[in-house]
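Structure first, then comments.
Source: prediction; values computed, not measured. Convention: sequence-line order gives letters A, B, ...; per-chain numbering from 1.
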Amino acid sequence: MIKITLPDGSVREFEKGTTSMQVALSISEGLARNVLAAKVNNEVVDANKAITEDSRLSLLTWNDDEGKNTLWHSSAHLLAEALEALYPEVKFWVGPPLENGFYYDVDLNGQTLSPADFEKIEAKMLELARQNNEFKRTDISKADAIKYFTDKGDSYKLDLLERLEDGNISLYTQGNFTDLCRGPHIPNTGFIKAAKVLSIAGAYWKGDEKNKMLTRIYGITFPKDKELKEYLVLLEEAKKRDHRKLGKEMELFTFSEKVGMGLPLWLPKGAMLRERLIQFLQKAQLKAGYLPVATPHIALKDLYVCSGHYEKYGADSFQPIKTPHEGEEFFLKPMNCPHHCEIYKSSPKSYKDLPVRYAEFGTVYRYEQKGELHGLTRVRGFTQDDAHLFVRPDQVKEEFLKVIDLVLYVFNALGFKDYTAQVSLRDPDNKTKYIGSDENWALAEQAIIDSAAEKGLKTVVETGEAAFYGPKLDFMVKDAIGRKWQLGTIQVDYNLPERFELEYTGSDNLKHRPVMIHRAPFGSLERFIAVLIEHCGGNFPLWLSPDQFAILPISEKYNDYAKKVSELLNISDIRGLVDDRNEKIGKKIRDNEVNKIPFMLVVGEKEEADGTVAVREHGKGDIGTMTIEGFSKLVQSTIDNDFKTKQI
RNA sequence: GCUGUUGUAGCUCAGUGGUAGAGCACCUCCUUGGUAAGGAGGAGGUCGGCGGUUCAAUCCCGCUCAACAGCUCCA
């Protein structure tokens with residue numbers, strides 16, 4: 001008998017050689033129907049693998065990421081089986097699971113696939129799935145594996161085999177398809193109830209452009225048909241929220257071939273949104289003791305040689321700007337920090353001055369590769385909400401806590417409710433590749449971990465992911481439709497203080513080196529606004545909305561009154577427009593509704609006589625008539641409500 | 001940078017080897033209308049750029065530029 005410990009801590013006894021599936025059956029049949037794989041002592045294995053010793057066991061279902069991965073990995077095999085049935089010439093490379101679905105890289109031997117063929121493949125996959133074919137594992141010697149794939153003519157698999165050790169090679173077979181695979185897999189194909197081929201794309205064999213281009217077929221599957229439908233709705237929704245599409249429709253920003261790719265042009269409405277975000281953060285930063293600074297867009301090469309950016313990015317960056325003066329070279333600034341270091345150095349600092357917090361909305365330029373550019377999320381010129389805190393080593397934690405507060409304040413005000421802190425620490429087995437003293441690293445890492453814990457942040461620790469210059473904390477944000485984005489970042493830096501020989505005089509009257517903390521709650525305004533647009537689908541919080549109202553006169557007779565109302569609201573710092581077009585009210589309502597204007601104020605004979613406005617809220621319709629002051633209060637209370645979160 | 005797809009009016013898109021069309025937006029006029037599209041007329045394009053084939057190219061071919069998707073997830 002062996003002892004199996006379940007996740008709830010309970011221990012049960014089973015015969016040696018029992019499978020996870022049998023354990024599941026002993027608990028309930030319903031559970032067994034949902035078991036996709038099992039985790040035995042932290043190793044994910046087939047649910048029908050025999051357990052031979054005392055073990056901890058978790059049964060993995062669709063609700064576990066590992067369960068999903070297993071189903072999708074098996075689905076890749078199912079896709080391969082379907083492809084082989086439909087196109088006998090096909091040769092296979094690899095088919096891993098992804099975060100959302102899976103792909104298989106195949107050589108179609110000259111055949112081409114088009115979206116028109118997708119349905120045929122999906123139908124075949126489901127037909128094969130319904131056969132409930134078991135995923136059978138066969139452990140095999142290397143020689144036999146080579147023989148099998150040589151006979152089959154699968155040259156790509158032979159290439160994989162070359163790098164595998166004998167004695168550690170397995171095949172999985174379902175139905176008529178056998179693949180080289182370490183597993184694990186779901187018990188049988190019947191668990192796959194819905195399948196969708198999503199797209200095809202070229203992908204070089206082994207990711208090397210010198211190699212042959214294979215066809216990568218992306219797909220996704222689900223254990224329930226309903227979930228596929230929900231997923232497709234989500235894809236549609238994501239398409240509707242695409243910030244590139246909404247940005248164009250809402251006249252927020254544009255790109256011009258003449259200006260250059262990756263260089264966004266902010267249109268008046270988008271610039272208004274930007275300004276509001278900047279003012280919002282500036283106000284919060286002033287309260288938190290930041291000092292605004294401003295620095296130019298270019299600097300001499302020497303600055304970046306000193307900071308190390310020249311060595312690291314010089315060749316891949318924009319080329320230097322020459323001057324008539326022989327040998328003089330300027331660079332577009334790729335980061336604000338070197339400038340801020342020089343500001344720090346402009347006067348001697350005492351330990352009593354620290355922490356010093358320099359903040360700047362600094363526009364930086366980076367030569368991103370062509371293929372990397374994407375809307376506002378990857379651009380070549382962007383504005384960081386940058387600040388650098390120069391602190392004593394013993395102040396790292398306190399400052400970290402304050403920065404976390406500021407970041408959470410920002411997320412709250414913008415409606416991001418779901419976020420995770422990702423803490424990146426150094427690799428303990430390879431401490432030499434990092435700059436800075438051992439005890440300072442230990443201090444900072446502990447400070448970050450403690451700060452995150454103190455603030456009650458959901459935290460994921462990534463060991464070995466720290467930059468060479470310091471540990472960091474990144475905020476991963478989930479948007480309204482469940483997609484993850486990396487936004488704010490807080491990074492400790494031991495490198496730049498060293499390179500710039502930054503100092504402060506301590507209470508001991510000796511020179512000490514400060515620690516630098518880089519932090520940006522938005523990251524960059526461009527990227528942040530892109531995420532914000534997709535998060536709220538263009539329906540910005542009222543305080544950010546470029547036009548907060550549109551006044552719609554019933555006829556031209558009331559245009560003057562409309563303008564008067566608009567001016568009055570402007571005085572209360574509420575901004576909007578007067579729709580004085582020669583159109584009927586229905587048309588005006590439709591157009592402004594489509595334009596996502598938060599409030600529409602209909603004015604006609606009655607309103608002019610009473611000094612009122614008839615208010616319509618976006619997405620809700622008529623909410624009644626009120627005085628201008630009443631509307632002004634409504635706006636104010638709506639905005640206050642957006643901020644009704646903890647203040648810093 | 002590499003591969004593929006795309007590029008026609010401000011926007012969304014149709015179309016053809018004989019130099020172009022729709023809807024929306026825009027302008028003018030009629031209409032002055034009370035909660036999601038009133039009517040009529042008009043203006044607007046070197047069909048991304050360069051070159052080639054052809055009597056003739058927006059359409060075919062080559063190059064180029066840009067946008068989009070993918071190129072990292074190694075059984």
Need one value for [X]: base, sugar-phosphate or nothing, where a base atom within 4.0 Å counts as base even if backbone is also close, heavy atoms only.
X	answer
A/Tyr218	sugar-phosphate
A/Asn100	nothing
A/Val602	base
A/Gly604	base
A/Leu164	base
A/Glu251	nothing
A/Glu605	base
A/Ser170	base
A/Lys606	base

Of all the choices, [options], which nucleotide is nearest to the side chain of [X] once you look at every atom?
X	options	result
A/Ile589	B/G34, B/A69, B/A36	B/A36
A/Leu98	B/C73, B/G38, B/G34	B/C73
A/Ser555	B/G34, B/U32, B/G38	B/U32

Next item on the list: May I ask you to check whether A/Phe135 and A/Phe191 place their ring centres under 6.0 Å from each other?
Entry: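 No; A/Phe135 has its ring centre 6.0 Å or more from that of A/Phe191.
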
Next item on the list: Could you tell me if the ring centre of A/Tyr218 sits under 6.0 Å from that of A/Tyr103?
Entry: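 Between A/Tyr218 and A/Tyr103, the centre distance is under 6.0 Å.
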
Item checked: A/Asp151 side chain vs A/Tyr148 backbone, donor-acceptor pair below 3.5 Å ->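 Checking the backbone N and O of A/Tyr148 against the side chain of A/Asp151, no donor-acceptor pair under 3.5 Å is found.
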
Notebook entry, point to check: So, the side chain of A/Thr173 versus the backbone of A/Thr178: is there a donor-acceptor pair under 3.5 Å, distance only?
Noted result: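 Pair absent, no side-chain N/O of A/Thr173 close to backbone of A/Thr178.
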
Notebook entry, point to check: In whole Å, what separates the P atom of B/G7 from that of B/U58?
Noted result: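 Per the computed distance, 16 Å lies between those P atoms.
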
Next item on the list: Could you measure between the two P atoms, the one in B/C59 and the one in B/C73, and give it in whole Å?
Entry: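 40 Å, rounded to whole Å.
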
Note to self: Determine whether a donor-acceptor pair (one donor, one acceptor, N or O, separation below 3.5 Å) exists between the side chain of A/Glu257 and the base of B/G49.
What the structure shows: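 For A/Glu257, whose side chain was compared with the base of B/G49, there is no donor-acceptor pair (under 3.5 Å).
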
Notebook entry, point to check: Pick the nucleotide of RNA chain B nearest each of A/Lys157 and A/Pro553; which residue has the one closer to the 5' end?
Noted result: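 Looking at the nearest nucleotide for each, A/Pro553 comes out on the 5' side.
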
Check: Taking for each residue the nucleotide of RNA chain B with the nearest heavy atom, is it A/Arg616 or A/Asn582 whose nucleotide lies nearer the 5' end?
Finding: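 This one resolves to A/Asn582.
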
Check: Whole Å only: how far is the NZ atom of A/Lys584 from the P atom of B/U31?
Finding: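 Value for this atom pair: 14 Å.
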
Checklist line | Cationic N near anionic O, under 4.0 Å, A/Arg616 to A/Asp622 | finding: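 Looking at A/Arg616 and A/Asp622, the cut-off is not met.
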
